[in-house]
Amino acid sequence: MSGEAILRGEGLVKRFGGLIAVNEVSFNLYRGEILGLIGPNGAGKTTLFNLITGFLKPDRGRVYFNDRDITGWPPHRIALEGVARTFQLVRPFLRMTALENVMISALSKVGGLEEAEETALELLEFLNLSDKRDWRASSLTIVERKKLEIARALALKPEVLLLDEPIAGLNPKEVDDMLETLREIRERGVTILIVEHVMRAIMNICERIIVMHYGRLIAEGTPSEISSDPKVIEAYLGGVM
Amino acid sequence: MRALRMIKAELSTKAGRIFNAAAIVAVILPLVVRDQFFINAMMLVYMYSIIALAWNLMNGYTGLLSFGHAVFFGIGAYTLMLLLYRGVTPWIGMLLGGLLSAGFAFLLGVPFSRLRSHWFALGTLVLGEIFLIVFANWRAVGGALGLDQPRRLLLSPPSIYWLNYARPTPYYYLALGILGLELLLLYAILNSRPGYFFQAIREDEEAAMASGINVTLYKCISMAISGFFTGVAGGIYTVRFGYIDPYAVFSMMRISVYPVIAGLIGGVYSLIGPIIGSLIFVPTAEYLRAIVGGTLGSRFQGVHFASFGIVLLIISMRIPEGLMGWLEMRGLLKPLMSSGGGSDER
């Protein structure tokens, strides 16, 4: 693989009681790429996200960001350091307006309200939410909430963006818009790690994909390699062979 | 100053003009009304408003429901009293009481920030009872009998230095002034970085962390500010009544629960909601207490507390966002300084 790894996981393990949710997972995320993370339900994808972003502490293994060991850092520090995330089930600040939602993140990075508002307005514009800026997040549709969450993550001016199923639940037109947005985010210099179930989308946008199954990484490669990999097919079809 | 500009803008709205008029009435009230009982009752309303505002910074704005604000109140009350014995003016005593209370609240935030929602509430409830028991058994601070103010204060002529007046009017202005300062300060805080962070924590702790917010730190800050003003309110109580005992200042019912009820009546998502709530609830409660305790006799002791429960039940079912929230929803009044600015296309 080319380029330098901006984010690295080494031998990550996370147990929940008897269940091993993430088992000896090592991966590299290279600067500037869009890396897909796929796998059947319960494969450990979200747990891996939580290990990277500090919401869970790994039982074993390390996470490196720009060659700096960030394992065990509290989530807010990791977010400020440059690894932002969204949640699978969107979690906007419901009682606050779209603008305020994004301003909050921006305020973590800059001191003044004016500057934060400027950043937030620019991002709302970027995600086509400008006309909803004064709406409470509770009045936004699911698609709008997903976009809002991305805007909120971008307000942290991250180097790496972790997206947990940003496309699930969107209609075909919305999927295309979202893919376009993701490409534009990459063009802004943000490296993306994306978990997604919508294969059409993930095959379309990722240069590289890693596959998890029962907590382990079972495959890595280009979309076409992945889609013809017998291990992957077996994982998804449940061992028909 | 952004905050000052925003306050100016707020005061020019319809709600702002009502607020202005109310403030003027509050200032001239003692000049017009000579009834000392009434002035004393209003002083209590302001004292409780100070607590309710402070309580609501934690509850309505940070999502930390406290049933233990008597702890902060009591710390402030005792600090002032103990300093009076050392010849310290109550002005300094009030400030130190507030600061001690703030410091305690901040430290308390470290373990308590791990407690979620109702577990936090239970923790504060238990803490209040612990303080009551400790102070009731602590001989050095008067134990269950409490403390009278130093005799020489009773004997010396009333002065602004010692705040040892017999009539309620000076305390009325003291409480009103502190309430005004608190309102101004909280408004400025809520419209700056910490205010946004507090509300993010209230809405969703995980999302707040993901937004780069040090949730523990900001919970501690919210608690410290809340503790400060509640401690100062405790100081007002001490100088007003000149006598404190643990059952009064660490009272769960009279101190900890009052701001909760006032907040819920007035509306916890509005800055001035808890003041409106206190204005309605405190006189009603005191009146009920007087009737039930006095007229109906001891057989009905506690009946008024039961009636609070019924009132709360009705509020939480009919107007869960309190009076100010209800007004906002009806579009009758864009409430002053409501949390979360924008329109909600309901």
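Order of the sequence lines fixes the chain letters, A, B, ..., with proteins taken first and strands second; residue numbering starts at 1 for each chain. None of these values were measured; they are calculated from a predicted model.
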So does B:E321 pair up with A:R95, basic N to acidic O under 4.0 Å?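 The answer is yes: the pair qualifies as a salt bridge.
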| said: Taking the ring of B:Y61 and the ring of B:F198, is the distance between their centroids below 6.0 Å? | reply: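 No - the distance between ring centres of B:F198 and B:Y61 does not fall below the 6.0 Å cut-off.
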Aromatic ring centroids of A:F55 and A:F49 under 6.0 Å?
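Not under 6.0 Å, so no.
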Chain B heavy atoms under 4.5 Å from [X]: which part of the residue, side chain, backbone, both or neither?
X      : answer
A:R152 : side chain
A:L156 : side chain
A:V110 : backbone

- request: Name the option with the most non-hydrogen atom pairs under 4.5 Å to chain B; the candidates are A:R133, A:E114, A:E149.
  value: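 Between A:R133, A:E114, A:E149, the count favours A:E114.
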Select, from A:G112, A:S105, A:A79, the one with the greatest count of heavy-atom pairs under 4.5 Å involving chain B.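 Heavy-atom pair counts peak at A:S105.
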**Asked** Hey, are B:T124 and B:H69 close enough side-chain-wise for a donor-acceptor pair under 3.5 Å?
**Response**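 There is no such pair between these side chains.
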- Between A:N66 and A:R31: side-chain donor-acceptor atoms closer than 3.5 Å: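 Side chains of A:N66 and A:R31: pair found under 3.5 Å.
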